[in-house]
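Take a look at the structure set out below.
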2 protein chains.
Amino acid sequence: MEIYKGKKKQYFMEQHSIAHLFSFPVEEFIEVREYKRDEWIIQEGMRPDFLFYVIGGKAKIYITHQNGKVSLINFINANEYIGEMELLNDVYYTKGIQASTKTICFALPIHRYRGQLLEDAKFLRELTKFLSVKASVMAAKYSQSLAFPLENRLADFILQTADEGVYKEKHVAVCDYLGVSYRHLLHVLTQFCEKGYMQKDGRVYHIKDYASLHALADVLGNR
Amino acid sequence: MEIYKGKKKQYFMEQHSIAHLFSFPVEEFIEVREYKRDEWIIQEGMRPDFLFYVIGGKAKIYITHQNGKVSLINFINANEYIGEMELLNDVYYTKGIQASTKTICFALPIHRYRGQLLEDAKFLRELTKFLSVKASVMAAKYSQSLAFPLENRLADFILQTADEGVYKEKHVAVCDYLGVSYRHLLHVLTQFCEKGYMQKDGRVYHIKDYASLHALADVLGNR
DNA sequence: GTAATAATATGAGATATCTCATGTTTTTGA
DNA sequence: TCAAAAACATGAGATATCTCATATTATTAC
């Protein structure tokens, strides 16, 4: 992890100003941090001392279960908060947050700002919206995971992550994300190829039949 | 649905005062409503005109999928909000909310209070906490549903809902809640009986072996 | 009260998904 | 650059879960 200083810090604070999110100045004690791919921004079980606001990159929320299984609960993208649970709740089991790409974020020291933040309607209003969306998304994922087999959820995921008709996510990450075994994921991918929806080329897959994939994904009803 | 008036209304507003949740008076346009068991408080897909605050009873959040499956996403208990998603988000697919027992709640007309509510730090702070817990609970349920078989989740559910050693939830409701088929639920319940964890007596089950059920439930790691 | 509806129950066969075993290829770190 | 670690790949058998079919009770509505 690198903490930006001087001009570099100034640059990011100007380029990605978050002044509009607060009704008081937060510049004084803010840090601009860069985490490398795979670095842990928050360790599972360890309360963070900062409230983070992501301005670039992508991170992953993980939780480890007692049976050793690891769930990738969700991704965090630019313009989203990290550590807001700990800011709000005195008791909370902290999940692990890992940078999935190089990730740049602002870090607000909680001990300095907590009181003011919890009195700031502007901040709270935006955070409330963010959390309401987060809760809805989790509810949707939860009910979909119970109501539909991998086939549908994978089709949706492929369409969401494919870039110019090419799907090339890492299988291991997708397993964690969709909550299925490696073996089963490969199985369903093979089926998609056999049915002509995709074509495997080395390590990547080319989408050949968008219509069929869409048909599978649409029944999830992600609105 | 019945709207309380006069003395009855006064009684509930005094007994369950929510003045401490707002920094401005909300009494003027508030309604006190009673919904009967199985009545719909909010119809799926229909935006509500009120923000509800439950003061008694229990309600269920449902979503209907395109394949006809219905998921019971979660329960709502006393001192929780209903309709907060619609208050916050202009576009939102409204889920169905059904009273699970007789449910009494306050109803605040959104068109009258929306502006003030979204400026009220006191209200927003509490709502933010509520939503953060909601998001966490959904995340936990999501990851548990992927990481553990019904056996574990059912053991947890039985321990949470049993009253004095007696489990007597309706099977159909439990299926929706745990997201499994009726057939499979009965199958696992039968296993629990065969293993001596419970004993079936007519339509109810008596818990015989708390230790084993706890062992199954504990691996979920619900902290 | 009686017919309709919802809930309980159970069997049998299908399918979705998992575990384990084993081998190859790619990436990473000293 | 080489060894270790991670990711990819595939087979085979087990298990969790689903669908469908069919009865038997409760509950509800008229």
Side-chain angles (χ1 to χ4, degrees), chain A residues 36-39 60 62 65 67-72 98 100-101 143-155 157 167-195 198-205 216 219-220, chain B residues 36-39 60 62 65 67-72 98 100-101 143-155 157 167-195 198-205 216 219-220:
Chain A
K36 283 199 270 297
R37 182 158 156 336
D38 293 342
E39 218 176 334
K60 298 176 283 190
Y62 278 109
H65 297 282
N67 64 358
K69 277 202 190 181
V70 173
S71 296
L72 200 189
Q98 186 183 35
S100 160
T101 65
S143 66
Q144 287 169 6
S145 75
L146 295 175
F148 299 96
L150 179 62
E151 186 177 48
N152 300 96
R153 295 180 291 130
L154 180 58
F157 182 75
Y167 169 80
K168 52 178 171 185
E169 298 300 313
K170 283 195 179 175
H171 296 331
V172 282
V174 178
C175 292
D176 286 344
Y177 186 59
L178 297 179
V180 296
S181 67
Y182 184 89
R183 193 66 196 82
H184 190 53
L185 173 64
L186 270 281
H187 184 97
V188 176
L189 279 173
T190 304
Q191 281 185 357
F192 281 3
C193 292
E194 282 168 358
K195 290 178 183 167
M198 304 203 294
Q199 191 176 314
K200 191 174 176 186
D201 180 11
R203 295 223 156 173
V204 308
Y205 294 77
L216 285 174
V219 303
L220 293 190
Chain B
K36 283 199 269 300
R37 181 155 153 348
D38 293 341
E39 219 176 334
K60 298 177 284 189
Y62 278 109
H65 297 282
N67 63 359
K69 277 202 190 181
V70 172
S71 296
L72 199 189
Q98 185 183 36
S100 160
T101 65
S143 67
Q144 287 169 4
S145 74
L146 294 176
F148 299 96
L150 179 62
E151 186 176 47
N152 300 97
R153 294 179 292 130
L154 180 59
F157 182 76
Y167 169 79
K168 52 178 170 183
E169 298 300 312
K170 281 195 180 176
H171 296 331
V172 283
V174 179
C175 293
D176 286 345
Y177 186 59
L178 297 179
V180 295
S181 67
Y182 184 89
R183 193 65 196 81
H184 190 52
L185 173 64
L186 270 281
H187 185 174
V188 176
L189 279 172
T190 305
Q191 282 185 359
F192 281 3
C193 291
E194 281 168 0
K195 290 179 184 167
M198 305 202 294
Q199 191 176 315
K200 190 174 175 186
D201 180 11
R203 296 222 156 173
V204 308
Y205 293 78
L216 286 175
V219 303
L220 292 190

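Chain A is the first sequence line, chain B the second, and so forth, proteins listed ahead of strands; every chain is numbered from 1.
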Does the side-chain contact (heavy atoms from CB on, under 4.5 Å) test come out yes or no for A:F157 and A:E169, once each step is laid out? CA-CA 10 Å; A:F157 182 75; A:E169 298 300 313; 3.8 Å; yes
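Atom NZ of B:K195 has more than 12 neighbouring heavy atoms from other residues, nucleotides or ligands inside a 6.0 Å radius. At most 12 heavy atoms of other shown residues, nucleotides or ligands fall within 6.0 angstrom of atom NE2 in B:H187.
Looking at B:L154 and B:L189, their side chains come closer than 4.5 Å, going by heavy atoms from C-beta outward.
Under the rule for a side chain to side chain contact (heavy atoms under 4.5 Å, CB included), the partners of A:K69 that lie at least two apart in sequence or sit in another chain are A:H65, A:N67, B:A147.
Put simply, the side chain of B:D176 never gets that close to the backbone of B:S71: no donor and acceptor are under 3.5 Å apart.
Straight-line distance from the CG atom of A:L186 to the P atom of C:dT25: 16 Å, rounded to whole Å. Between the CG atom of B:D38 and the C1' atom of D:dT27 there is a distance of 12 Å, rounded to whole Å. Separating the CG atom of B:D176 from the P atom of C:dA6 is a distance of 14 Å, rounded to the nearest angstrom. Distance A:H171 NE2 to C:dT25 P: 15 Å, rounded to the nearest Å. Rounded to an integer number of Å, the gap from CZ of B:R37 to C1' of C:dA7 is 12 Å.
OP1 or OP2 of D:dA9 has at least one side-chain nitrogen or oxygen of A:K200 nearer than 4.0 Å.
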B/S/- contact track for nucleotides 15-26 of chain D, protein heavy atom under 4.0 Å: -SBBB-------
